[in-house]
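Structure record follows, encoded as structure tokens.
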Amino acid sequence: DALLAELDDSGDGLFDYRDTPARIHLVGFSWGGINVTDIAERLRKEPRIAASRRGISSMVLLDPFQPQVSRAVIPSNVFRAWEYRQTDTTAGDCSTSASLGFGFNGHRPKAKSENTACSYYNLDEIQNDVGHCDVPVVARKAALHNLLTLTDYAPWADHAVDCPVD
């Protein structure tokens with residue numbers, strides 16, 4: 001409701017042609033990475049938002065993880081998505097002392113639509129000893145580049161893998 005209130009210039013409780021168009025960008029780390037995919041899905045279904053206004057311009061997921069969710073699912077209303085993850089728990093990683101008792105490792109995402117351009121990067125192939133809590137720092141330049149230009153980060157282009165479509 002807070003996002004809808006921000007988008008609703010006309011004050012009529014709707015986000016439609018009467019309101020200023022907006023580009024929505026979502027970013028989430030760890031559990032928040034899964035949460036932003038849920039936000040995008042809710043926006044995709046929200047009846048108070050005109051269908052033409054339900055798109056998410058970009059989404060960046062930083063090692064998204066929740067134990068009950070095997071991987072992030074990128075909703076069909078997301079135009080461009082990037083995921084940065086690590087796959088090997090490093091010694092002393094912050095996630096090993098979390099209440100679950102094991103390290104958090106991101107899994108490759110799935111896109112719900114062939115119209116979503118989606119790439120993921122295994123940061124362990126780019127830098128050594130990347131732990132779960134290191135991902136936002138390690139991926140910061142790339143993620144900001146993605147959000148500001150809506151393009152891939154050229155220095156890591158050789159490591160990009162297309163997301164499978166579900």
Side-chain angles (χ1 to χ4, degrees), residues 2-4 6-7 15-16 21-89 95 100 103-127 130-166:
L3 179 57
L4 180 59
E6 187 65 30
L7 297 171
F15 181 45
D16 58 18
R23 289 187 177 182
I24 300 171
H25 305 274
L26 299 173
V27 180
F29 167 59
S30 191
W31 286 46
I34 301 297
N35 291 347
V36 297
T37 64
D38 293 341
I39 290 169
E41 181 64 13
R42 288 182 191 156
L43 291 173
R44 186 184 72 79
K45 296 177 179 179
E46 177 56 58
R48 296 174 295 172
I49 299 176
S52 62
R53 301 280 177 111
R54 293 181 187 164
I56 305 299
S57 295
S58 67
M59 176 182 287
V60 173
L61 305 176
L62 302 165
D63 215 22
F65 177 85
Q66 287 183 8
Q68 71 276 20
V69 179
S70 65
R71 64 191 60 202
V73 177
I74 313 299
S76 61
N77 61 326
V78 176
F79 297 111
R80 190 67 178 99
W82 294 269
E83 178 180 299
Y84 298 94
R85 65 190 181 103
Q86 51 82 39
T87 55
D88 297 317
T89 302
S95 65
L100 298 173
F104 301 169
N105 295 310
H107 300 277
R108 65 188 168 99
K110 295 186 292 188
K112 291 302 282 182
S113 171
E114 292 177 358
N115 295 325
T116 298
C118 179
S119 301
Y120 68 93
Y121 299 81
N122 180 355
L123 296 177
D124 291 326
E125 296 175 358
I126 298 169
Q127 180 176 318
V130 178
H132 179 70
C133 291
D134 300 322
V135 170
V137 173
V138 172
R140 178 182 58 218
K141 265 183 144 171
L144 285 173
H145 176 87
N146 301 148
L147 293 167
L148 294 173
T149 67
L150 301 179
T151 63
D152 291 322
Y153 183 58
W156 293 356
D158 291 346
H159 299 281
V161 178
D162 290 338
C163 303
V165 177
D166 182 32

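Residue Thr37 comes nearest to Ala72 through the heavy atom pair CG2-CB, 4.2 Å, listed as atom of the first residue, atom of the second, then distance. In this structure, Val27 and Val36 approach most closely via the heavy-atom pair O-CG1, 3.4 Å. Considering every non-hydrogen atom in both His107 and Glu83, the closest pair reads O-OE2, 2.7 Å. Minimum interatomic distance between Pro109 and Cys118 (heavy atoms only, all atoms of both residues): CG-SG, 4.2 Å. Residue Phe15 comes nearest to Leu4 through the heavy atom pair CB-CD1, 3.7 Å, listed as atom of the first residue, atom of the second, then distance.
For the 3.5 Å distance criterion, the side chains of Asn122 and Gln86 fail to qualify, holding no donor opposite an acceptor. With hydrogens and angles left out, the side-chain atoms of Asn35 and Gln66 include a donor and acceptor closer than 3.5 Å.
Note that the OH atom of Tyr121 and the CD1 atom of Ile126 stand 7.5 Å from one another [nearest 0.5 Å]. Atom CD1 of Ile24 is separated from atom CZ of Arg53 by 10.0 Å, given to the nearest 0.5 angstrom. Note that the CD atom of Gln68 and the CH2 atom of Trp31 stand 5.5 Å from one another [nearest 0.5 Å]. Here the straight-line distance linking atom OG1 of Thr87 with atom CG of Asp124 works out to 4.0 Å at 0.5 Å rounding. Between the CD1 atom in Ile39 and the CZ atom in Arg44 there is a gap of 15.0 Å [rounded to 0.5 Å].
Ile74 is listed as a side-chain neighbour of Met59, based on a closest heavy-atom distance under 4.5 Å. Inter-residue side-chain proximity for Ile49 and Asp16 is flagged as unmet; no heavy-atom pair is nearer than 4.5 Å. Side-chain contact between Leu43 and Leu3 is present, with at least one heavy-atom pair separated by less than 4.5 Å. Using a 4.5 Å heavy-atom threshold, the side chains of Arg108 and Pro164 count as touching.
One finds no salt bridge joining Glu46 and Arg42 here, because no Lys/Arg side-chain nitrogen approaches an Asp/Glu carboxylate oxygen to under 4.0 Å. A salt bridge links Lys112 with Asp166: at least one charged nitrogen is closer than 4.0 Å to a carboxylate oxygen.
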With a 3.5 Å cut-off and sequence neighbours excluded, list the donor-acceptor pairs that the side chains of residues 143-157 form with protein atoms.
| residue | atom | partner | partner atom | Å |
| --- | --- | --- | --- | --- |
| His145 | NE2 | Thr149 | OG1 | 3.3 |
| His145 | NE2 | Thr151 | OG1 | 2.9 |
| His145 | NE2 | Asp152 | O | 3.0 |
| Asn146 | OD1 | Tyr84 | OH | 2.5 |
| Asn146 | ND2 | Ala142 | O | 3.3 |
| Asn146 | ND2 | Thr151 | O | 3.0 |
| Thr149 | OG1 | His145 | O | 2.7 |
| Thr149 | OG1 | Thr151 | N | 3.2 |
| Thr149 | OG1 | Thr151 | OG1 | 2.6 |
| Asp152 | OD1 | Arg80 | NH2 | 2.5 |
| Asp152 | OD1 | Trp82 | NE1 | 2.6 |
| Asp152 | OD2 | Arg80 | NH2 | 3.3 |

Go through the steps for His25 and Ser57 under the test side chain to side chain donor-acceptor pair (under 3.5 Å), then give the verdict. CA-CA 6 Å; His25 305 274; Ser57 295; 4.6 Å; no
Verdict with reasoning, Ser119 to Asp162, per side chain to side chain contact (heavy atoms under 4.5 Å, CB included): CA-CA 5 Å; Ser119 301; Asp162 290 338; 4.3 Å; yes
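Side-chain atoms of Thr116 come within 3.5 Å of backbone N or O of Val78 as a donor-acceptor pair. Here the side chain of Asn77 pairs a donor or acceptor atom with the backbone of Arg54 at under 3.5 angstrom.
Identified under the ring-ring contact (aromatic ring centres under 6.0 Å, His included) test for residues 36-62, with sequence neighbours left out: none.
Evaluation of the side chain to side chain donor-acceptor pair (under 3.5 Å) rule for Glu114 yields no partner, not counting sequence neighbours.
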